Amino acid sequence: MPDPEIAQNPVTVARLQVEAIIPPEKRGPGWDRHWRELEAYADAAMEGAVGDWTVSPDRTRG
C-alpha cells in the first residue's frame, strides 16, 4: 500500500483512512478487489482515459 503522504489517488487516500479504522478481521471477502477496482477507475479518470466508463446523470441522453 502506498505511503499516505504521497498517495495521489483519492480512492487510495480513502482506503487508507478506512483501513485505519476497520481491523483486518472485520473486512469481508473481496475487500482488496473492491478497493483495487475503485482505485483503477479513479486512476483512469485522472489520466483522462478514452471512453465513457461513467453513467450519465442525464438519462434522457443516449
Side-chain angles (χ1 to χ4, degrees):
M1 186 59 47
D3 186 301
E5 292 183 25
I6 59 172
Q8 298 293 318
N9 186 316
V11 175
T12 302
V13 173
R15 179 180 185 168
L16 293 169
Q17 292 172 348
V18 171
E19 288 182 344
I21 298 170
I22 307 298
E25 63 272 10
K26 296 286 187 176
R27 300 173 192 170
W31 179 276
D32 287 327
R33 179 180 173 204
H34 165 79
W35 285 106
R36 282 193 314 267
E37 289 175 351
L38 292 174
E39 287 167 336
Y41 283 131
D43 281 339
M46 291 187 308
E47 292 172 6
V50 175
D52 184 7
W53 52 271
T54 61
V55 176
S56 173
D58 181 2
R59 297 192 185 271
T60 59
R61 287 197 255 163

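Please read these numbers as outputs of a predicted model, since none were measured by experiment.
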Are Val13 and Ile21 grouped together when hydrophobic residues (ILVMFWY) are joined by side-chain heavy atoms under 4.5 angstrom apart?
no

Restricting to side chain to side chain contact (heavy atoms under 4.5 Å, CB included), what partner residues turn up for Pro24, sequence neighbours left out?
Arg27

What is the minimum heavy-atom distance between Asn9 and Val11, and which atoms define it?
OD1-N, 2.7 Å

Gap between atom NE2 of His34 and atom CZ of Arg15 - 0.5 Å precision:
9.0 Å

Nearest-0.5 Å distance that lies between atom CD in Glu39 and atom CG in Asp32:
9.0 Å

List in chain and number order the residues that pass side-chain hydrogen bond (donor to acceptor under 3.5 Å, both in side chains) with Glu37, two or more places apart in sequence or in another chain; answer none if no residue qualifies.
Arg33

Do Tyr41 and Val18 sit in the same hydrophobic cluster, where Ile, Leu, Val, Met, Phe, Trp and Tyr count as joined when their side-chain heavy atoms come under 4.5 Å apart?
no

Contact between Lys26 and Trp31 at the side-chain level, heavy atoms closer than 4.5 Å - yes or no?
no

